[in-house]
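Quantities reported herein were computed from a predicted structural model and do not represent experimental measurements.
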Amino acid sequence: MLTLQGTYQVAPNKRLTILAEPQGTHPQMPVLRGDAQALRAACEEGEGRCDVQVQTQHGPMRGTLVEKRPRKFSMWQFEGHLGFLPRDERA
């Protein structure tokens, strides 16, 4: 399980999208360079999927992110749904 260092915003449906490359003026949450590199490495080992734990606006959450490789003009991104940690694992 990969634990990301940044704090990320999840959508109301608990979906997380991380754009691993800057998009100029497109408003997005900042992604730590180390997190982007770690995501790429973990997804490469996991054949395009990786289990992650992230800090969100609601506290720590966990889930599986799927790597979306860049096409002609799109950016490298990771998408997935997160869930809250089980009660016995919360600090």
Side-chain angles (χ1 to χ4, degrees):
M1 168 115 18
L2 175 64
T3 301
L4 300 181
Q5 301 303 309
T7 300
Y8 297 93
Q9 297 288 320
V10 293
N13 64 356
K14 300 180 187 163
R15 183 169 189 79
L16 175 66
T17 299
I18 296 177
L19 301 173
E21 299 176 32
Q23 281 198 349
T25 59
H26 185 276
Q28 71 170 19
M29 66 188 128
V31 176
L32 297 175
R33 182 179 303 234
D35 282 356
Q37 292 171 345
L39 276 168
R40 283 188 182 169
C43 283
E44 189 172 300
E45 288 177 18
E47 297 179 2
R49 304 172 67 86
C50 57
D51 293 328
V52 297
Q53 182 170 322
V54 299
Q55 185 66 29
T56 71
Q57 75 268 32
H58 303 296
M61 297 179 82
R62 179 183 297 163
T64 301
L65 297 181
V66 177
E67 178 182 32
K68 303 289 184 177
R69 294 178 185 257
R71 295 192 188 102
K72 190 172 184 178
F73 296 109
S74 63
M75 298 293 172
W76 204 291
Q77 64 186 15
F78 301 89
E79 297 178 338
H81 285 88
L82 303 179
F84 293 103
L85 299 181
R87 189 176 296 265
D88 61 336
E89 292 185 37
R90 295 181 196 161

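Between Phe78 and Val52, the closest side-chain pair of non-hydrogen atoms is not below 4.5 Å. Residues Leu4 and Leu32 fail the side-chain proximity criterion, which asks for heavy atoms closer than 4.5 Å. The shortest side-chain heavy-atom distance between Pro86 and Arg62 falls under the 4.5 Å cut-off. With contacts defined as side-chain heavy-atom distances shorter than 4.5 Å, the pair Lys68/Thr17 does not qualify.
When the options Gln9, Lys14, Met61 are evaluated for a side chain to side chain contact (heavy atoms under 4.5 Å, CB included) with Thr56, the one that passes is Met61.
The distance from the CD atom of Glu67 to the CD atom of Glu44 is 8.0 Å, given to the nearest 0.5 Å. With rounding to the nearest 0.5 Å, the separation of OG1 in Thr64 from CD in Glu79 is 13.5 Å. Atom CD1 of residue Ile18 and atom OH of residue Tyr8 lie 5.0 Å apart, to the nearest 0.5 angstrom.
Cys43 and Leu65 make their closest contact through SG-O, 4.2 Å (heavy atoms, listed as atom of the first residue, atom of the second, distance). Summarising the geometry of Leu2 relative to Ala42, their closest heavy-atom pair is CD2-CB, 4.0 Å, with the distance given to 0.1 Å.
Without hydrogens or angle criteria, Gln55 side chain to Gln5 main chain gives no donor-acceptor distance under 3.5 Å.
The salt bridge (charged side-chain N to carboxylate O under 4.0 Å, His left out) analysis of residues 47-60, with sequence neighbours excluded, yields no pairs.
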